[in-house]
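Remarks on the structure that follows.
Everything numeric in this text was worked out from a predicted model, so none of it was measured.
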Amino acid sequence: MQHVVQYLWLIPAVPLVMAGIGALLKRERRRAAAGLAIGGMAVAWVLSCVAFVASLGPDSFRATCTVKWFDLGDASVPLGWMLDPLTAIMLMMVTFLALLIFIYSLGYMAEDENFTRFFCFMSLFGAAMLGIVIANSLLLLFISWELVGLSSYLLIGFWFEKPQAAAAAKKAFITTRIGDMGLLLGMLWLYSKSGTLLFYDNGHGCLEAASLARLAAAATLGGMAVSTAISLLIFAGAVGKSGQLPLHVWLPDAMEGPTPVSALIHAATMVAAGVFLVARMYPLMSAGGHLAALEVVTWVGAITAVFAAAIAVAQNDIKRIIAYSTISQLGYMMMGLGVGGVAVGMFHLITHAFFKSLLFLGAGSVIHGCHGEQDIRKMGGLKKLMPWTFATYAAGMMALCGVPLFFSGFWSKDEILRAAWIWPSSPVPFCLGAAGAFLTAFYMMRQVSWVFFGKPAQAAGARAPAHESPGVMTIPLAVLAVFAVLAGFLGTPAWPWFQSYLNGEKVRFEPAALLASPQLNLMLVSAVVVGVAFLAGWKIYGNVAAQSLRAMDPLQKALPAFYRLLENKFFIDEFYGATVVRLNTAFAALADWLDRVLWTGAVQAVTRLTVALARFDSAIDELGVNAGFDAGCDGLRGAGRGLSWLQNGRVQRYMRIAGVAFSVLALALIWGCG
């Protein structure tokens with residue numbers, strides 16, 4: 001394992017180099033750009049497989065490599081990367097899904113004139129995310145974290161000629177920067193207290209026992225442990241990246257980017273980075289038995305899960321529904337980390353990455369087949385027109401909803417609910433999680449009913465009949481559908497391989513665990529919740545899908561005020577617009593006034609005073625000092641000129657002067673004698 005970790009930096013470096021080369025290609029070099037991006041990610045996936053195999057060794061759990069970045073006085077700034085089970089499994093997931101999404105993009109972006117630039121940005125994004133995954137230094141993680149933010153800005157606003165896309169890119173960039181400010185402050189505080197940003201460094205890392213003990217023992221305002229305060233600041237960064245309340249508002253708008261971008265950013269990479277950060281910093285968040293930080297993580301995740309799921313019930317854009325589903329599922333992951341630990345939250349992250357990528361790419365296939373249409377009310381009957389897309393999308397939908405036994409979401413979601421059920425602090429997160437599961441199954445049944453059932457004539461508003469997507473798009477869908485089913489079997493109660501792998505424990509096969517009373521009861525409850533939600537969704541929307549395009553949503557008809565609240569996303573954006581944005585605008589106007597009137601006026605006054613003083617000084621210099629000096633010089637020059645007449649070296653003149661002087665003297669003597 002140690003010899004592998006030394007070359008781990010190659011995994012993000014390869015796609016980064018490909019992005020750099022792609023940036024130099026001309027626009028028409030489409031095949032070369034795609035080949036570089038796909039080839040680079042394929043190499044990264046192969047290297048990730050090697051790293052994963054190395055992490056499976058019986059004596060292998062964690063290996064690190066540290067390099068000196070630069071010297072700062074007597075100290076040096078080190079960067080490092082590491083290989084442990086958490087890193088290895090994330091590398092496998094990110095590179096594999098990114099590779100499939102890159103291949104899918106060949107079909108989806110085939111007609112785009114900026115095809116070359118798209119693959120350059122995608123490679124850059126993949127490299128940045130892989131940098132986060134391998135980091136053994138919070139500094140290296142933060143550098144890669146910010147590169148992810150830059151890449152997401154470039155990709156969300158890829159179609160920058162659309163005002164909505166440009167606005168969404170700015171919104172995502174600014175909103176996530178708010179959380180990143182907390183992460184930066186937490187990083188600086190952690191460095192000031194521990195003296196290092198390396199996670200593991202032979203007992204001296206900031207996540208190792210000695211440092212954690214000092215941080216947990218120190219107190220700050222209100223008696224809060226320093227470890228808790230730093231954890232909450234770092235969690236702010238995770239809230240921003242993973243779209244948790246109250247910084248969730250950027251994620252739905254980010255659907256303005258191309259669908260492969262949505263699949264990469266909002267399923268497997270950027271939004272997962274926040275969950276991964278909490279998992280990586282878990283020793284700090286649970287240091288010394290102070291679990292306040294994990295309680296905050298739990299409550300934020302649980303509330304977000306229900307909040308976003310409720311909004312998804314009243315959305316009509318096929319991608320926005322999945323976007324709010326992503327926010328909800330990220331809430332589940334945060335709740336899983338808070339109530340159950342790293343393995344519980346990360347298990348759902350891995351399964352979610354597969355089925356949510358499948359759903360995003362499936363939505364892209366629907367949009368492609370419907371000639372750009374995204375309103376689910378203008379679709380219908382696509383089950384027959386797009387059979388491969390329907391079959392794979394249905395697999396992803398059932399995995400998301402947690403259909404019992406045969407779909408991955410069931411096993412990972414139930415692990416979270418089981419951990420929430422036995423969480424000693426409160427039963428409320430479990431209730432919120434169950435409510436979120438019901439809403440998830442309900443809104444997904446609503447979406448599938450609108451899109452795939454009913455009569456094909458319902459899609460008549462399109463420019464041409466809907467059609468199945470090409471093989472380059474449907475084959476990745478089929479591969480993801482397989483993983484959406486099988487991935488869950490890696491962490492069942494009977495064979496908890498995933499949990500044992502992450503914890504460095506020996507895995508045991510115990511079929512009887514499935515029939516254990518608490519586990520079996522929760523599985524039955526989960527199955528009932530999903531079944532009732534499916535029945536409710538089909539009863540309400542199963543027939544509506546075959547009606548007129550102008551038909552009002554049944555929920556809107558029954559509960560107009562509540563539906564309007566959900567449709568407008570609880571008016572959170574409007575609230576921010578009326579408060580935060582307006583306050584920011586007022587401060588900007590004040591700053592502008594101060595700049596134009598006060599500061600500019602002050603500068604101009606100083607300028608005028610300076611000019612006046614300069615003119616006064618010039619007058620004194622010219623009329624006083626210079627004039628007196630010049631007059632003195634002229635007098636001295638005249639006297640010198642007169643004296644020089646006497647000293648010009650001509651003997652005749654000297655004799656003449658002597659003769660005159662003698663004559664004058666003689667006359668004076670004669671006059672005196674007389």
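For the side chain to side chain donor-acceptor pair (under 3.5 Å) test with Asp253, the passing option among Gln164, Lys171, Lys170 is Lys171; the others fail. Checking each of His352, Lys356, His348 against Gln329 for a side chain to side chain donor-acceptor pair (under 3.5 Å) leaves exactly one that passes, namely His348.
Panel note: side chain Ser123, backbone Leu16; no donor-acceptor pair is recorded below 3.5 Å. At least one donor-acceptor pair closer than 3.5 Å links the side chain of Tyr332 to the backbone N or O of Gly433. Put simply, the side chain of Lys319 gets close to the backbone of Met255: a donor and an acceptor are under 3.5 Å apart. When atom types are taken as modelled, the side chain of Ser55 and the backbone of Pro85 share no donor-acceptor pair closer than 3.5 angstrom. Between the Thr326 side chain and the Ile322 main chain, a donor and an acceptor come within less than 3.5 Å of each other. At least one donor-acceptor pair under 3.5 Å links the side chain of Gln447 to the backbone N or O of Ile318. A donor-acceptor contact shorter than 3.5 Å links the side chain of Arg446 to the backbone of Val313. Using modelled atom types, no side-chain atom of Tyr200 and backbone atom of Thr64 make a donor-acceptor pair closer than 3.5 Å. Under a 3.5 Å cut-off, the side chain of Ser137 and the backbone N or O of Leu139 do form a donor-acceptor pair. Gln374 places no side-chain N or O within donor-acceptor distance of the main-chain N or O of Ile367, the cut-off being under 3.5 Å.
Note that CE of Met281 and CZ of Phe235 are 13.5 Å apart. Values are rounded to the nearest 0.5 Å. Taking CD of Gln315 as the start and CG of Asn568 as the end, the distance is 8.5 Å to the nearest 0.5 Å. Expressed to the nearest 0.5 Å, how far CD1 of Ile89 lies from CG of Leu490 amounts to 7.5 Å. To the nearest 0.5 angstrom, Leu565 atom CG is 8.5 Å from Ile311 atom CD1. Here the straight-line distance linking atom CG of Leu432 with atom CG of Leu439 works out to 10.5 Å at 0.5 Å rounding. Atom CD1 in Ile134 sits 7.5 Å away from atom OG in Ser144 (nearest 0.5 Å).
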**OP:** Let me see the working for Leu147 and Met129 under side-chain contact (heavy atoms from CB on, under 4.5 Å), right down to the final yes or no.
**Re:** CA-CA 8 Å; Leu147 279 176; Met129 182 62 198; over 6 Å; no

Original post:
For Leu417 and Val525, what are the C-alpha separation, side-chain angles and deciding distance, and is it a side-chain contact (heavy atoms from CB on, under 4.5 Å)?
Top reply: CA-CA 10 Å; Leu417 293 178; Val525 169; over 6 Å; no

Subject >> Trace of the ring-ring contact (aromatic ring centres under 6.0 Å, His included) decision for Phe96 with Phe483 >> reply: CA-CA 11 Å; Phe96 181 68; Phe483 280 91; 5.0 Å; yes

**OP:** Output, in order, the C-alpha distance, side-chain angles, deciding distance and verdict of side-chain contact (heavy atoms from CB on, under 4.5 Å) for Met334 and Val300.
**Re:** CA-CA 8 Å; Met334 292 295 187; Val300 169; over 6 Å; no

Subject >> Verdict with reasoning, Leu358 to Phe354, per side-chain contact (heavy atoms from CB on, under 4.5 Å) >> reply: CA-CA 6 Å; Leu358 171 59; Phe354 287 109; over 6 Å; no

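Considering only heavy atoms from C-beta on, Asp180 comes within 4.5 Å of Lys241 through its side chain. The shortest distance between side-chain heavy atoms of Val249 and Thr175 falls below 4.5 Å. Thr196 places none of its side-chain heavy atoms less than 4.5 Å from the side chain of His204. The closest side-chain heavy-atom distance from Leu138 to Cys206 is not below 4.5 Å. Contact of the Leu359 side chain with the Tyr393 side chain is registered, since non-hydrogen atoms from C-beta on lie closer than 4.5 Å. Looking at heavy atoms from C-beta onward, Trp9 lies out of side-chain contact with Cys65 at the 4.5 angstrom threshold. The side-chain heavy atoms of Leu97 and Leu264, taken from C-beta on, include no pair separated by under 4.5 Å. Leu233 is not listed as a side-chain neighbour of Met181, based on a closest heavy-atom distance of 4.5 Å or more.
Side-chain contact, Thr351 with Ser408: no donor N or O sits under 3.5 Å from an acceptor N or O. Checked by atom type, the side-chain pair Ser526/Asp414 shows a donor-acceptor distance below 3.5 Å. No donor-acceptor contact under 3.5 angstrom links the side chains of Thr87 and Arg62, judged on distance only.
Around CZ of Phe570, the count of heavy atoms belonging to other residues, nucleotides or ligands within 6.0 Å exceeds 12. Trp423 CH2: more than 12 foreign heavy atoms inside a 6.0 Å radius. In this structure, Trp250 places its CH2 atom where more than 12 heavy-atom neighbours from other residues, nucleotides or ligands lie under 6.0 Å away. Counting non-hydrogen atoms of neighbouring residues, nucleotides and ligands closer than 6.0 angstrom, the OH atom of Tyr501 exceeds 12 such neighbours. More than 12 heavy atoms of other residues, nucleotides or ligands sit less than 6.0 Å from atom CH2 of Trp299. Atom CZ of Phe571 has more than 12 heavy atoms from other residues, nucleotides or ligands within 6.0 Å.
Contact record, Ser328 with Thr440: OG-OG1, 4.4 Å, taken as the closest heavy-atom pair. Here the shortest heavy-atom pairing between Ala419 and Gly340 reads CB-CA, 3.8 Å. Met93 approaches Ala353 most closely through the heavy-atom pair SD-CB, 3.5 Å.
One finds no salt bridge joining Glu567 and Arg564 here, because no Lys/Arg side-chain nitrogen approaches an Asp/Glu carboxylate oxygen to under 4.0 Å.
For the pair Arg177 and Phe173, the distance from NZ or CZ to the six-membered ring centre is under 6.0 Å and the angle to the ring normal is within 45 degrees.
Legend: residues meeting side-chain contact (heavy atoms from CB on, under 4.5 Å) with Leu245, ordered by chain and number and at least two apart, are His248, Ile303, Thr304, Phe307. Partners of Ser152 by side chain to side chain donor-acceptor pair (under 3.5 Å), not counting sequence neighbours: none found. Legend: residues meeting side-chain contact (heavy atoms from CB on, under 4.5 Å) with Phe438, ordered by chain and number and at least two apart, are Val529, Val532, Ala533.
The aromatic rings of Phe430 and Trp421 sit perpendicular to each other, their planes meeting at more than 60°, with 30° as the lower class boundary.
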